[in-house]
2 protein chains.
Amino acid sequence: MNTDSKTEITDDNLARQRLRLWLQMLKATRHVEGVLRDELRSGYDTTLPRFDVLATLHATPEGMKMSELSTHLVVSNGNVTGVVDRLVSEGLAERTNMESDRRAFLVRITEKGRVLMDEMTANHLEWIDKLFADVTETDAARGISIMLDIRRKS
Amino acid sequence: MNTDSKTEITDDNLARQRLRLWLQMLKATRHVEGVLRDELRSGYDTTLPRFDVLATLHATPEGMKMSELSTHLVVSNGNVTGVVDRLVSEGLAERTNMESDRRAFLVRITEKGRVLMDEMTANHLEWIDKLFADVTETDAARGISIMLDIRRKS
DNA sequence: TATGAAAAATTGATATATAAAGTAAATTTT
DNA sequence: AAAATTTACTTTATATATCAATTTTTCATA
C-alpha cells in the first residue's frame, strides 16, 4: 500500500464529510428561514428580505450605501434595489442623495422603521434563541468560526 | 447580586452568540450558493435549484414523490412543481403515475440526466471541497451535529 | 358505505433573486 | 484634458419561492 493511494482515500472521505456539512447547512438554513418567515408574516405582515434589510439599517442608523447593503447581506445589487424600494414606499426607510458621490444613495431607517424594528429585533432574538436552544455557547463559537472559515475561501 | 439577574445576563449573552451564529450561517450559505451558481451557469448552463433537485433524484434512482422532494430539499411544494417541470422539459427527469396512489407522481431521473449528473456530482464535490478547505474533519463533524440540533427544534 | 377530513399536486398571485444590459458619474490613462 | 475604464445603481428578462386557493384522491369513521 503506497502513501499516495492512502492519502487519496483519506482526502475523499474528508471531501464527503465536507459535502455532508454543506447539505446540512442548507437544510438548517432553510428550516430557520421558514420559521422566521412564518413569524414575520403572521406577526408583522412582512417578509424576511425586508426584515433583513431593515435590521441592517437599524443596526447602522447613520445609513448605508446600496452597495454596502448588498455586500453585507451577500445578495445582488438589483435585489437590494427592489427591497429598498418597497421599504421606502412603506415609509420604513429613506433614500438620500450623497453630496460626495452623486451616483450613490445613502439609505437610512426612518423613525417609523426604527420604532417597528425596536420591537421586531427583540422578538427575532427570541425566535433564534428558541431555534438554537440545543446549541451551547461553545458550539456556537465553533460554528461561527467554521462559517468564517468557509467565507474566507475564494 | 441575585442568581436570577445573573442567569438573565448569561442567557442574554448566549442568545446573542446564537444570533451571531445564525447571521454567519446565512452569509456562509449565500456565499457558497453564489459560487456554485456561477460554476453551474458557466460550466453547465444550469441553475442551482435544478441541480439540487436532479442531484436528489440522482441519489435515489428508484424515484421520489413530489412531496418527498420538497420535504428533502426543505422548499415548498409549488416550488418543486416548477423546477421539475423544467427538468422534464429538458429531458433530464420524468414523471410517472403511481398505481398505488393516483394523486401522486413518481419523479425519476432519466438516462440523459444520469449521464449529466455523473459528471456534475464529481465537480460539485470538488467545488465544495475547495470552498470548505479550511474545515477539518473534526470541525465538519461538529458542524453537522450543530446543524442537526437546529433542525430538530420545532 | 356515505361523507367529512386529510393528503398530493397544481395553479395563480406576488415577492424575491440573479444576470445582463444600460445609464450616469467618478477615476484613471495617456 | 479627452478618452477609456471603472463604479454605483437601475432596469429588464427570467427563474425561483412562498402562500393561498383549488382539484383530485384517499382515508377515517360514524
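Labels below follow one simple rule: chain letters A, B, ... track the order of the sequence lines, proteins then strands, and each chain is numbered from 1.
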Take atom CG of B/D45 and atom P of D/dA15, then tell me their distance rounded to the nearest Å.
10 Å

Is it true that a side-chain atom of A/S145 and a backbone atom of A/A141 form a donor plus acceptor pair closer than 3.5 Å?
no

Nearest heavy atom decides the nucleotide; on that basis, is A/R95 or A/G34 closer to the 5' end of DNA chain D?
A/R95

What's B/R86 touching, base or sugar-phosphate or nothing? Going by heavy atoms closer than 4.0 Å.
base

Just checking B/D45: does its CG atom have more than 12 heavy atoms from other residues, nucleotides or ligands closer to it than 6.0 angstrom?
no

On DNA chain C, nearest-nucleotide positions of A/N79 versus B/G78: which is more 5'?
B/G78

Does any non-hydrogen side-chain atom of B/Y44 lie less than 4.5 Å from one of B/L116?
yes

Rounded to the Å, how far apart are A/D85 CG and D/dC9 P?
13 Å

Residues that A/F105 engages under ring pair (Phe, Tyr, Trp, His ring centres under 6.0 Å), provided they are two or more places apart:
none

Looking across every strand, which nucleic acid part, if any, lies under 4.0 Å from A/D38 by heavy atom: base, sugar-phosphate, or nothing?
sugar-phosphate

Just the rounded figure in Å: distance from P of D/dT18 to CD of A/E33.
9 Å

Counting the atoms with a prime plus P, OP1 and OP2 as sugar-phosphate, which does A/T47 contact under 4.0 Å by heavy atoms, base, sugar-phosphate, or nothing?
sugar-phosphate

When we call it a touch if two heavy atoms are under 4.0 Å apart, what does A/G82 touch: a base, just sugar-phosphate, or nothing?
nothing

Whole Å only: how far is the CZ atom of B/R30 from the P atom of D/dA17?
13 Å

Separation of atom CG in A/N97 from atom P in D/dC9, rounded to whole Å:
11 Å

What heavy-atom pair brings A/R30 and B/D52 nearest, and what distance separates the two atoms?
NH2-OD2, 3.5 Å

Please find the earliest and latest nucleotides of DNA chain C, in the 5' to 3' direction, that have an atom within less than 4.0 Å of any heavy atom of chain A.
C/dA15 to C/dA26

Under 4.0 Å from OP1 or OP2 of D/dT6: is there any side-chain N or O of A/R103 that close?
no

Would you check if the side chain of A/T29 reaches a backbone N or O of A/L26 as a donor-acceptor pair within less than 3.5 Å?
no

Are A/R41 and D/dA20 close enough that a side-chain N or O sits under 4.0 Å from OP1 or OP2?
yes

Closest non-hydrogen atom pair, A/S70 against A/N77:
OG-OD1, 3.4 Å

Hey, can you pull the residues of residues 57-77 of chain A with a non-hydrogen atom under 4.0 angstrom from DNA chain D?
A/K65, A/M66, A/S67, A/N77

Heavy-atom distance under 4.5 Å between the side chains of A/Q17 and B/I144, does that happen here?
yes

Expressed as a whole number of angstroms, how long is the span from B/L36:CG to D/dT16:C1'?
16 Å

If you count every heavy atom of other residues, nucleotides or ligands that lies below 6.0 Å from A/E62 atom CD, does the total exceed 12?
yes

